[in-house]
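Working notes, structure below.
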Amino acid sequence: MAAVGAVAARPAVLRRAAAHSRGILTRPGPPRPRGPLPRTPWTTRGPPPDQLARMVERRPVREQVELDSITYAGRQHFVPGLARPRFPPWDRGWRDPWHSPGPRYEDMPLRKERGCFICHQRVRMLEGVRQAQWLTKTKLVQGLPAPVLSIAENPAYQLQEQEEVVHRAIAHARLWETTEVAPRREKYCPVLFEDLIHLCRSMSMKYPSLARRMLARNYRIAATWERESTLLQIRGLNGILMNSMTPIPPIASKEEILATKDHVLETFYPISPTIDLQEVNVYQELNDTGFKDGYPYSHPHTLYFLESANNRPNRFRPEQLRAKMLMFAFGNALAKAKVLYGNDPQVLEQPIVVQSIGTDGQLFQFLVFQLNTTDLVSNDGIKNLVWIDSDQNLYERAQCVPEVKKRVVIKPTGIYGLQPETFKKFLALYLHGTV
């Protein structure tokens, strides 16, 4: 048995001897434990304070001698192992706006200590219309106002064969405009808007005053106001504005305007009303309608917003779109009011009405805003008014590819579920202020 044990132990001895001959030191003995460390004062409470202070004590740093780096500047080409040269900035002798660094924010002449919250066209409000109501001091009324509904329900203010021409306009935008099998939203949404506006313009033969209007694109607006010690501003590009030579008459009577004093604006504490707005310190307190003095079509009439992005995350949700429509309708009305009545906060003698329509090519949002006051600091007093008619489908579905089952066409291409009431409201807002 001893001989068998010696034979069995011989490979281990030989391995240690071979490792020693190669210069590798091995420690004979039992293997190290692989379990948790034993419970000792060092493993449970840590090292003693004197040992810990000795471990964290800083070692003296050697004094380094500064050496000049050798670069490859003189050779005028890259050399491995040599440092990259640093040259002084090149002075052109003139200011190039594309390559000149701008001034620091602290040195800009328009910098102010008080911050300003900016609302631009890409702001998505978390609380939607409720947040826009608080920012603009506005009371919400569901549905369109009575003058607009009376126009929509009157057959005298409709087109000949209206349902057929609207169906043809939708089919043109969704089926005939492009050679693609299914046109993208960024293609058919603007085409549908142009077709519907073209149908509305055909009423100018019956009402010549409709010809005294103009569509403005890519104009910039600026309107500044203060709300409970917070400075707010609307500025930049927004929708497509239809201007008119004459303003829209006020919708609410003086009694209805005075009754808004009792309305209490809804709050959403602890969320701040300016949570989604951009805070800046470099700004100018500007009020501008976007048009020069003497422009003949100086009164804002209707503001159109097209949500034509193909990807759903890039489009505004309906609630966010309605909040955006309210903010920019208020901005256009406020800028016009300050041109007519000055910058002093006051209750307007003649309220300013601005309409707005938003669509993604199928779903429509309708809004009518009336600016009653420019005194927006406190929650007391007269409020502004807004009427909103939301989520109105113009049609249910556009079948671009026929549905075939067992070589039989079950559902041919075409427009399904046309809702003519939606276009009646679209046309009524176009005619409002003229008929």
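Between Glu421 and Lys425, no side-chain nitrogen of the basic residue sits less than 4.0 Å from a carboxylate oxygen of the acidic one, so the salt-bridge criterion is not met.
The neighbour count for Asp293 CG, taken as heavy atoms of other residues, nucleotides or ligands under 6.0 Å away, does not exceed 12. Counting non-hydrogen atoms of other residues, nucleotides and ligands closer than 6.0 Å to CZ of Phe87 gives a total above 12. Dense packing is recorded around CZ of Arg92, with more than 12 heavy atoms of other residues, nucleotides or ligands lying under 6.0 Å away. A 6.0 Å sphere centred on OH of Tyr207 holds more than 12 heavy atoms belonging to other residues, nucleotides or ligands.
In this structure, Lys261 contributes its side chain and Ile257 its backbone to no donor-acceptor pair below 3.5 Å. Between the side chain of Lys187 and the main chain of Thr178, no donor-acceptor pair closer than 3.5 Å is present. Between the side chain of Lys112 and the main chain of Leu110, a donor-acceptor pair closer than 3.5 Å is present. In this structure, Gln362 contributes its side chain and Tyr395 its backbone to a donor-acceptor pair below 3.5 Å. Panel note: side chain Asn281, backbone Arg111; no donor-acceptor pair is recorded below 3.5 Å. Using modelled atom types, one side-chain atom of Asp360 and one backbone atom of Leu363 make a donor-acceptor pair closer than 3.5 Å. Between the side chain of Gln370 and the main chain of Val386, no donor-acceptor pair closer than 3.5 Å is present. For the pair Lys139 (side chain) and Val264 (backbone), a donor-acceptor distance under 3.5 Å is absent. Formation of a donor-acceptor pair under 3.5 Å by the Thr138 side chain with backbone atoms of Leu385 is not found in this model. Using a distance-only test at 3.5 Å, with no hydrogens or angles considered, no donor-acceptor pair links the side chain of Asn384 to the main chain of Phe369.
Note on ring orientation: taking the six-membered ring where Trp is involved, the planes of His172 and Trp176 are perpendicular (angle over 60°, cut-offs 30° and 60°). Taking the six-membered ring where the residue is Trp, Phe78 and Tyr72 present perpendicular rings, their angle passing 60° and hence far from 30°. Taking the six-membered ring for Trp and thresholds of 30 and 60 degrees, Trp225 and Phe330 have ring planes more than 60 degrees apart, a perpendicular arrangement.
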Going through the checks in order, is the side-chain contact (heavy atoms from CB on, under 4.5 Å) test met by Val347 and Thr374? CA-CA 6 Å; Val347 178; Thr374 58; over 6 Å; no

Step by step, would you call Glu164 with Arg168 a salt bridge (Lys or Arg N to Asp or Glu O under 4.0 Å)? CA-CA 6 Å; Glu164 182 180 350; Arg168 193 182 305 125; 3.1 Å; yes

Could you please spell out the steps behind the side-chain contact (heavy atoms from CB on, under 4.5 Å) verdict for Thr289 and Asn332? CA-CA 7 Å; Thr289 60; Asn332 282 272; over 6 Å; no

Could you walk me through whether Cys119 and Arg235 pass the side-chain contact (heavy atoms from CB on, under 4.5 Å) test, one step at a time? CA-CA 7 Å; Cys119 178; Arg235 71 183 186 193; over 6 Å; no

Please test Arg104 against Glu106 for salt bridge (Lys or Arg N to Asp or Glu O under 4.0 Å), starting from the C-alpha separation and ending with a verdict. CA-CA 5 Å; Arg104 297 172 59 88; Glu106 295 79 6; 3.7 Å; yes

Evaluate side-chain contact (heavy atoms from CB on, under 4.5 Å) for Glu285 paired with Leu231, printing each intermediate quantity in order. CA-CA 9 Å; Glu285 295 186 19; Leu231 189 62; 3.7 Å; yes

Kindly determine whether Glu307 and Arg315 satisfy salt bridge (Lys or Arg N to Asp or Glu O under 4.0 Å), including the steps that lead there. CA-CA 6 Å; Glu307 287 298 316; Arg315 293 197 301 270; over 6 Å; no

Salt bridge (Lys or Arg N to Asp or Glu O under 4.0 Å) assessment of Asp391 paired with Arg322: CA-CA 10 Å; Asp391 299 337; Arg322 290 191 290 270; 3.2 Å; yes

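For Glu396, the salt bridge (charged side-chain N to carboxylate O under 4.0 Å, His left out) test picks out no residue, with sequence neighbours left out. Listed by chain and number, the residues in a side-chain hydrogen bond (donor to acceptor under 3.5 Å, both in side chains) with Asp288 amount to none (sequence neighbours excluded). Applying the side chain to side chain contact (heavy atoms under 4.5 Å, CB included) criterion to Gln162, with sequence neighbours excluded, gives Gln158, Leu159, Val166, Phe423, Lys424, Leu427. Ala211 pairs by the side chain to side chain contact (heavy atoms under 4.5 Å, CB included) definition with nothing, not counting sequence neighbours.
A 4.5 Å side-chain heavy-atom check between Lys336 and Pro300 finds at least one atom pair inside the cut-off. No side-chain heavy atom of Glu127 sits less than 4.5 Å from a side-chain heavy atom of Glu319.
A side chain to side chain donor-acceptor pair (under 3.5 Å) check over residues 340-356, counting only residues at least two apart or in different chains, returns the pairs Thr302-Gln355, Gln355-His432. Legend: salt bridge (Lys or Arg N to Asp or Glu O under 4.0 Å) pairs involving residues 204-227, not counting sequence neighbours, sorted by first then second residue: Arg114-Glu226, Glu194-Arg217.
Asp389 and Gln142 share no donor-acceptor pair across their side chains, judged by distance under 3.5 Å alone. Residues Tyr219 and Asn243 have side chains that never bring a donor and an acceptor to within less than 3.5 angstrom of each other. If you check the side chains of Asn310 and Glu186, you find a donor sitting under 3.5 Å from an acceptor. With 3.5 Å as the limit, one finds no donor-acceptor pair spanning the side chains of Arg201 and Tyr430. A donor and an acceptor atom, one from each side chain of Asp195 and His198, are nowhere located under 3.5 Å apart.
If you take NE2 on His77 and CG on Leu82, they are separated by 9.0 Å, rounding to the nearest 0.5 Å. The line from CD1 of Ile240 to CD1 of Ile357 is 11.5 Å long, rounded to the nearest 0.5 Å. We find the CG-NZ distance between Asp375 and Lys137 to be 5.0 Å, quoted to the nearest 0.5 Å. Atom OG1 of residue Thr267 and atom CD of residue Gln131 lie 12.5 Å apart, to the nearest 0.5 angstrom. Going from atom CD of Gln365 over to atom CG of Leu326 covers 12.5 Å, rounded to the nearest 0.5 Å. Once rounded to the nearest 0.5 Å, the distance linking CD of Gln419 with CG of Leu394 reads 8.0 Å.
Between Ala169 and Leu192, the shortest heavy-atom distance links the atoms O-CD1, 4.2 Å. In terms of heavy-atom proximity, Ala173 sits nearest to Pro183 at O-CG, 4.2 Å. For the residue pair Pro412 and Gln399, the shortest heavy atom distance occurs at O-CG, 3.6 Å.
With a 6.0 Å cutoff to the six-membered ring centre and a 45° limit on the axis angle, Arg174 counts as a cation-pi contact of Tyr188. Note that Lys324 lies outside the cation-pi zone of Phe305, set by a 6.0 Å cut-off to the ring centre and a 45° limit from the axis.
For the pairing with Tyr304, the ring pair (Phe, Tyr, Trp, His ring centres under 6.0 Å) check across Phe364, Phe193, Phe328 returns one residue only, Phe193.
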